[in-house]
Amino acid sequence: MKFFIDTADIEEIRGLTATGMLDGVTTNPSLIAKSGRVFKEVIAEICEIVDGPVSAEVIALDAEGMITQGRDLAKIAKNVTVKVPLTWAGLEACSTLSKEGTLVNVTLCFSANQALLAAKAGATFISPFVGRLDDLNLDGMELIEDIRQIYDNYEFKTEILVASIRTANHVKEAALIGADVATLPPQVLRQLINHQLTDKGLEAFMADWKKTGQNL
Ligand code: G3P
């Protein structure tokens, strides 16, 4: 399973790149606003740090505008992945940009049928938002299962990029289902390593080593 990080915070990205766990980055207009940075500048900087796909979202709502903005964003670096919303205009833009060889991430997916449309439009990634479905008392992971089944039935190459992840458990469940990618808030990625028995065991090993009086 690939791990992307869902942030536009350069320091977070640098820090997590050092762990060797990062396969890509996703951003959205809300995360760009939070960074307080100039959109294209921050995307260019992220692309220099990370080799894998870096999602940058268009803000036009019509297909022509999305295609123009997508082509412009794709010029920033070869790993820019143009993010378009799951609307008819977004699917049209996805289809055109994908045919031109641009990586496309179709975002704001909340149903299996939407994911089916995105795959047919040639999306590189489909981004179903599990946390926002859970917020409505619906089952985000059930959607991931459905999309996995549909994509496998027809051998679609579109990768399932699980988004709106809120907990470490979301990551485990998505991995069990066989999602291709999880995009994680930085704090959730850090939480994945936590286990009290690891901490306790390491503490005991260190205490016993001290008793040997040896140096390494
Ligand atoms: O990038 C999209 C997504 O991951 C948003 O997550 O927590 O705002 O629902 P959230």
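Both ligands and their constituent atoms are indexed starting at 1 by order of listing. Note: hydrogens, waters and symmetry copies are ignored here, and every other heavy atom, side chains too, is used.
The ligand atoms of ligand 1 that sit less than 4.0 angstrom from a heavy atom of Ala163 are 4 (O). Near Asn28, the atoms of ligand 1 lying under 4.0 angstrom from a non-hydrogen atom of the residue are 1 (O), 2 (C).
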Verdict with supporting geometry, Ser55 and Asn105, side chain to side chain donor-acceptor pair (under 3.5 Å): CA-CA 7 Å; Ser55 288; Asn105 176 0; 3.1 Å; yes

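Counting non-hydrogen atoms of other residues, nucleotides and ligands closer than 6.0 Å to CD of Gln187 gives a total above 12. For Asp51, the CG atom is loosely surrounded, since the number of other residues' heavy atoms within 6.0 Å does not exceed 12.
Of the protein's non-hydrogen atoms, the one nearest atom 7 (O) of ligand 1 is Arg166 NE, 3.0 Å. Nearest to atom 5 (C) of ligand 1 among the protein's heavy atoms is Arg132 NH2, 3.7 Å.
Salt bridge absent: Lys34 and Asp9 never bring a charged side-chain N and a carboxylate O closer than 4.0 Å. Lys211 and Asp208 are joined by a salt bridge, as a carboxylate oxygen and a charged side-chain nitrogen come within less than 4.0 angstrom of each other. In this structure, Lys40 does not pair ionically with Glu45, as no charged nitrogen and carboxylate oxygen lie closer than 4.0 Å.
Proximity annotation for atom 6 (O) of ligand 1: of Gly140, Pro29, Pro128, Ser164, Ser164 comes nearest, heavy atoms only.
Under 4.0 Å from ligand 1, the heavy atoms of Lys83 that appear belong solely to its side chain.
Heavy-atom separations between Asp6 and ligand 1 include at least one value shorter than 4.0 Å.
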